2 protein chains.
Amino acid sequence: MELTSRQREIFDYIKGFIKERGYPPSVREVGEHFHIYPRAAFDHLRALEKKGYLKRRGSMSRGLEILVFQEVESHGPYRRAGLDEEHLRREGRPWVREIPVVGRVEAGKPTLAVEHVEGTIPLPIEWVKGKEVFLLKVKGESMSPFILPGDYVLVRSQSSAENGDVVVTLVGEEATVKRFYKKGGKIELKPENERWETIQIEEGSREVQILGKVIGVFRKC
Amino acid sequence: MELTSRQREIFDYIKGFIKERGYPPSVREVGEHFHIYPRAAFDHLRALEKKGYLKRRGSMSRGLEILVFQEVESHGPYRRAGLDEEHLRREGRPWVREIPVVGRVEAGKPTLAVEHVEGTIPLPIEWVKGKEVFLLKVKGESMSPFILPGDYVLVRSQSSAENGDVVVTLVGEEATVKRFYKKGGKIELKPENERWETIQIEEGSREVQILGKVIGVFRKC
DNA sequence: AAGTATACTATACATTTGTTTAGTTGTCAA
DNA sequence: TTGACAACTAAACAAATGTATAGTATACTT
């Protein structure tokens, strides 16, 4: 759902407030900033919550949480994540970039619907090269021991790949990490672990969709 | 200034609360957790503030900020890296911590002489747990494919380890990554890759020195 | 022996803050 | 024209929360 211009103003103010001060504003602080009554501010917060931009922690003081971190109008009507330039300019120099951690990955062109962003993790920009990048927590053992369950893979969104690339693909409902090979008209998706099966598909098939290339692996032992 | 054991308990509770929930507890929540009256909790908060462990944002609801993230009794005259508190307080909340990348690792107690630090890389604090932490670029294939050459391993400095830990050890002049096993009085350092040899030493031997435990792996593909 | 710090009880006060009731005004679509 | 929504005023309510008053008990320090 789209925001009205007033709601946008208020949402941006809250985002800025939290970023600057580290904690959310109270209802009255929002009101005072826009010279409106607490009730008016309150209505806006409720509207923002209804539209899924904010979460309110019950009726707790300063209990606001931002749910939509980054909106980027790139290609098409879908908002894409991983491009927030504000974060790049922290303290003058771009050291880190907030990378969204994607919970659920769904089919369709617009890979990173905002609703699926579970949070963000700052990573040094040296590690993150590419426009549209996201993190995915690995579940299966298909790439073990190269990539282990619980690892985070850093993925650059792209719909094609080159021989030998490690890619994230969407097979049915599940996102899996596999190594990509193309021979003639056939595409092979090989796991590192022999107990998993190799997936073979025709080029151009729609059963399997390439979501992106793995450009990094992060493991917490 | 040192904390009393009770103050330590309360401080740790607040740290944990913030870490879990993302916002600080109220005075009463602290009190309820320890089954004491609000006033007693309040006194503790004031004591913690006086000792420089907390900051209270005026009289604001849930206005607590942790100031001391990690306490280090620095042993010796060496400046140690990875503890920069300014970076911990970026934008109010500790998102990243600058971790030193160690080029050369040398024997001797003070592991991280400043001269060997090649630079720093910011990492999210969720990944970095421990007082003295550094990054090391892996050269050999001894832990392949679990850890590959070119990977950065995140190491927590410690001179002992537990069975099954992946550790960084100093054998002669070279730092190597191995898996640690102790059986009876003998220590085994096993590579993941069978083509490398297992190192066996007597406990207490000075040929091999444990530098730290690997708590993370970072791979740029 | 007096003073100071810690750790606490019990109650009360005051502020901050979220929320409600009750209304007004303007816009835009059915 | 009616209805829904956005955006607001004005005042009040009530819950959460920080803080003060007043006091007890214990340990340690000078």
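In what follows, chains carry the letters A, B, and so on, assigned in the order in which the sequence lines appear, proteins first and then strands, with residues in each chain numbered from 1. Model, not experiment: these values are computed from the prediction.
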For [X] and [N], give me the distance from atom [atom1] to atom [atom2], rounded to whole Å.
{"X": "B:K50", "N": "C:dA7", "atom1": "NZ", "atom2": "C1'", "value": "13 Å"}
{"X": "B:Y23", "N": "C:dT17", "atom1": "OH", "atom2": "P", "value": "16 Å"}
{"X": "A:R6", "N": "C:dG26", "atom1": "CZ", "atom2": "C1'", "value": "15 Å"}
{"X": "A:F42", "N": "D:dT9", "atom1": "CZ", "atom2": "C1'", "value": "16 Å"}
{"X": "B:D43", "N": "D:dG23", "atom1": "CG", "atom2": "P", "value": "16 Å"}
{"X": "B:L54", "N": "D:dG18", "atom1": "CG", "atom2": "C1'", "value": "15 Å"}
{"X": "B:H33", "N": "C:dC8", "atom1": "NE2", "atom2": "P", "value": "14 Å"}
{"X": "A:E29", "N": "C:dT17", "atom1": "CD", "atom2": "C1'", "value": "10 Å"}

* To do: Ignoring backbone atoms, test whether A:R46 places a side-chain nitrogen or oxygen under 4.0 Å from the OP1 or OP2 oxygen of C:dT20.
  => yes
* Below 4.0 angstrom from OP1 or OP2 of C:dG18, is there any side-chain N or O of A:R62? -> no
Keeping the roles fixed (side chain from [X], backbone from [Y]), state whether a donor-acceptor pair exists under 3.5 Å.
{"X": "A:S142", "Y": "A:V177", "answer": "yes"}
{"X": "B:D165", "Y": "B:K213", "answer": "no"}
{"X": "A:R62", "Y": "A:P24", "answer": "yes"}
{"X": "B:E49", "Y": "B:R56", "answer": "yes"}

How is [X] classified with respect to the nucleic acid when contacts are heavy atoms under 4.0 Å: base, sugar-phosphate, or nothing?
{"X": "B:G31", "value": "nothing"}
{"X": "B:R57", "value": "nothing"}
{"X": "B:R39", "value": "base"}
{"X": "A:R28", "value": "base"}

* Asked: Hey, which of B:R219, B:K220, B:K137 is the one that makes side-chain hydrogen bond (donor to acceptor under 3.5 Å, both in side chains) with B:D151?
  -> B:R219
* Between B:Y37 and B:T4, just flag the one whose closest nucleotide in DNA chain C comes earlier from the 5' side. => B:T4
* Structure fact -> Whichever of B:S59 and B:A47 has the more 5' nearest nucleotide on DNA chain C, that residue is B:A47
* More 5' along DNA chain D: A:M60 or A:H44, using each one's nearest nucleotide? -> A:H44
* To do: Over 60° means perpendicular and under 30° means parallel, so classify the ring planes of A:Y53 and A:F11, tilted if in between.
  => perpendicular
Any N/O pairs under 3.5 Å between the protein and nucleotides 25-30 of chain D? List them or say none.
none

* Aromatic ring centroids of A:Y37 and A:F42 under 6.0 Å? -> no
* To do: May I ask you to check whether A:F17 and A:Y23 place their ring centers less than 6.0 Å from one another?
  => yes
* Asked: Of all the nucleotides listed (D:dA20, C:dT9, D:dA7), which has the minimum atom distance to the side chain of B:I36?
  -> C:dT9
* **Polar side-chain contact A:R56-C:dG18 base: donor and acceptor under 3.5 Å** => no
